[in-house]
Amino acid sequence: MSYDKVMKLALERGFYFPSCEIYSDAPAGFWEYGPTGLNLKNKFIELWRRQLIRRDGMLEIDGCQIMSKSVFVASGHISNFTDPVVKCTKCGSTFRIDRYIEEKTGQRVPERLADSEIDALILQHNLKCPNCKGDFGKVGRFNMMFRVGIGPASEEAYLRPETCQSIFVDFSRVFKTMRGRLPLGVAQIGKSFRNEIAPRQSLLRLREFYQAEIEVFCNPSRLDEMPRFEEVKDTILRLFKDGEAVVTEVTAQEAIARDLVPNKLVAYYLALLTEFYEKTGIDIRKSRFRRLSDVEKAFYASVAFDFEVETSTGWLELVACNYRSDYDLKGHANTSKESLEVVDPADQKKVLPHVFELSMGIDRSIYTILEHSYYEEQVKEETRAVLKLKPYLAPVVVGILPLMTKEGLGEKARKIHSDLKLDFDTFYDESGSIGRRYRRLEEVGAPFAITIDQTTMQDDTVTVRYRDTMQQERIKVPELRQFLHNSLRI
RNA sequence: GCGACGGUCGUCCAGUUUGGUCUAGGACAUCAGAUUGCCAAUCUGGUAACCCGGGUUCAAAUCCCGGCCGUCGCACCA
């Protein structure tokens with residue numbers, strides 16, 4: 001389905017919409033989840049917990065969004081997350097000056113070059129604005145982190161640009177108090193903030209967004225010692241590298257044998273991730289793990305795979321899988337002067353763990369689930385819009401509809417509703433024609449509709465209608481609970 | 001951030017060229033009632049919008065300026 005259709009559905013059915021939209025100064029890049037979208041997101045997160053956290057015995061924490069400056073000195077965000085920019089004094093155009101110098105002169109500009117030296121380079125090469133030939137102003141800095149001032153003295157701090165920094169700074173305590181053993185996954189769901197220059201396309205590029213991050217702490221000398229790998233050795237991984245014509249489909253085991261994936265630990269987690277996304281309803285045949293080239297990788301990554309999915313907007317990165325080595329713990333250990341080494345019980349030796357991370361974009365995942373689940377079908381000259389969400393992700397699981405309100409059907413339907421509503425996401429609807437009510441439910445992805453008709457009054461059965469096939473079957477009212485329970489099984 | 005184009009009920013669109021009849025119209029959606037009684041039916045009625053701010057003018061949805069947002073392109077996406 002197209003981006004525009006998904007967007008329209010999202011606005012009309014309460015999935016998501018612009019933040020502060022009643023005000024004209026609402027900035028771009030901020031979106032809110034409405035009731036249906038939040039429910040879908042919550043269920044997506046529960047699925048993530050089930051398929052990754054609980055399955056693998058990971059530990060989940062919930063850290064703060066505002067973190068001290070030192071954290072980002074240690075993480076490298078203060079120096080690496082800042083781009084040198086210049087503004088044309090005549091037309092006001094802004095340029096990434098380091099890239100511009102490289103482009104014009106072929107001379108590489110090191111990341112930590114002082115602003116005054118960049119100014120000197122501009123003069124030396126007599127660089128002018130490419131748009132209007134005007135002079136450049138002095139070099140400025142654009143940091144993608146949101147700075148905040150704490151307390152009356154406005155102590156320098158930042159909104160975290162990725163959730164994982166809390167995991168790194170909390171690692172030592174969590175590992176000790178939870179009696180951790182390597183390899184250990186520590187996970188977190190929460191918001192991150194990046195002051196994007198040009199946020200675009202609603203949930204796909206936000207300034208405030210949700211991440212579900214998993215940091216797997218491991219002993220770098222034991223990356224191929226993964227007993228759990230056996231569980232996923234036959235899982236198919238879809239691997240891809242730029243320049244290749246097609247995606248390579250291989251089992252996890254084969255991927256290691258052919259050196260497409262560096263070790264068992266990485267292969268294991270790529271497989272878990274694949275199995276998780278299969279259960280979200282995203283079309284896995286439209287996905288790939290793209291191995292990033294050296295120039296594309298983040299500054300902290302030594303090996304990186306992006307889990308990408310094909311959507312109407314092109315290939316979309318949903319998860320960044322980075323082998324961060326000891327970049328983060330080393331940085332935090334050096335800056336904080338705390339030892340972050342742990343003892344690996346396997347050999348009773350101290351080790352500074354390496355980290356393999358699965359950094360998931362929740363908002364992008366939600367968008368992709370919607371796009372891949374949304375269908376328009378022709379039914380008797382009419383277009384039927386159906387959101388074919390997995391039952392366990394659907395914001396509304398079952399609609400409860402009296403065929404009419406007369407002859408006691410309304411009361412009977414309300415009784416059934418009140419018996420179910422505490423345990424399932426139900427929606428009671430008695431207004432309008434039955435067909436219209438079915439269609440409304442389909443648009444929010446409700447997999448089932450229960451209809452109360454005259455027969456119900458005689459034999460205490462209802463019809464259950466299946467969203468995808470529109471077929472119906474009769475079920476005894478006392479069995480509804482069990483039916484729904486079974487249908488929601490993952 | 002730059003450039004081009006755009007912004008009217010929940011959604012889509014008409015009206016803007018040439019300022020006045022626009023007290024802003026339609027379709028779909030939505031709400032209430034009637035009717036029907038298993039797939040967006042029908043009838044009646046209702047709710048509901050000119051992105052924000054300033055200017056020009058007797059008069060602004062319409063013209064001008066600024067801002068915000070959106071789409072596309074460039075750049076950016078650690």
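Because the structure is predicted, anything quoted here is derived from the model rather than measured. Reminder, nothing fancy here: chain letters follow the sequence lines and each chain counts from 1.
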| Spacing of the C1' atoms in B:C2 and B:A40 (rounded, Å) | 46 Å
| request: Using a strict cut-off of less than 4.0 Å between a Lys/Arg side-chain nitrogen and an Asp/Glu carboxylate oxygen, indicate whether A:Asp4 and A:Lys8 qualify as a salt bridge. | output: no
| request: Give a yes or no on whether A:Tyr23 atom OH has more than 12 heavy-atom contacts from other residues, nucleotides or ligands under 6.0 Å away. | output: no
| Rounded to the nearest Å, what distance is computed from the CG atom of residue A:Leu401 to the P atom of nucleotide B:G37? | 18 Å
| query | Can a cation-pi geometry be assigned to A:Arg288 and A:Trp315, taking NZ or CZ under 6.0 Å from the six-membered ring centre and within 45° of the ring axis? | reply | yes
| query | Charged N to carboxylate O below 4.0 Å: is that the case for A:Glu442 and A:Lys388? | reply | no
| query | Can you find a donor-acceptor pair, distance only, under 3.5 Å between A:Glu317 side chain and B:C77 base? | reply | no
| remark: A correct 5'-to-3' footprint of nucleotides 7-13 of chain B, with B, S and - meaning base, sugar-phosphate only and no protein heavy atom under 4.0 Å, is ----S--
| task | Please work out if A:Ile434 contacts a base, only the sugar-phosphate, or nothing of the nucleic acid, heavy-atom cut-off 4.0 Å. | result | sugar-phosphate
Under 3.5 Å, which N/O atoms of the protein pair with N/O atoms of nucleotides 68-70 of chain B?
residue	atom	partner	partner atom	Å
B:C68	O2'	A:Ser24	O	2.3
B:C68	O2'	A:Ala26	O	3.3
B:C69	OP1	A:Ala28	N	2.9

| request: Measure the distance from CZ on A:Phe448 to C1' on B:C39 and round it to the nearest whole Å. | output: 18 Å
| task | Using a strict cut-off of less than 4.0 Å between a Lys/Arg side-chain nitrogen and an Asp/Glu carboxylate oxygen, indicate whether A:Asp460 and A:Arg474 qualify as a salt bridge. | result | no
| Euclidean distance for P, B:G10 against B:A24 (whole angstrom) | 15 Å
| message | Salt bridge or not between A:Glu376 and A:Lys5? Use side-chain N to carboxylate O under 4.0 Å. | response | yes
| said: Strictly distance-based, threshold 3.5 Å: is any side-chain N or O of A:Asp306 a donor or acceptor partner for the main-chain N or O of A:Glu308? | reply: no
| said: I'd like to know if A:Arg440 pairs up with A:Asp429 as an ion pair, taking the criterion as any Lys NZ or Arg NE/NH1/NH2 lying under 4.0 Å from an Asp or Glu carboxylate oxygen. | reply: yes
| query | Considering only heavy atoms, which members of residues 436-447 of chain A lie under 4.0 Å from some atom of RNA chain B? | reply | A:Arg436, A:Arg437, A:Tyr438, A:Arg439, A:Arg440, A:Glu443
| message | Looking at every non-hydrogen atom in both residues, tell me the closest pair between A:Pro18 and A:Trp31 and how far apart they are. | response | N-CE3, 3.4 Å
| request: Answer yes or no: is there an ion pair linking A:Glu196 with A:Arg207, defined by an N-O contact shorter than 4.0 Å? | output: no
| query | Which whole number of Å gives the distance between the P atom of B:G66 and that of B:G1? | reply | 15 Å
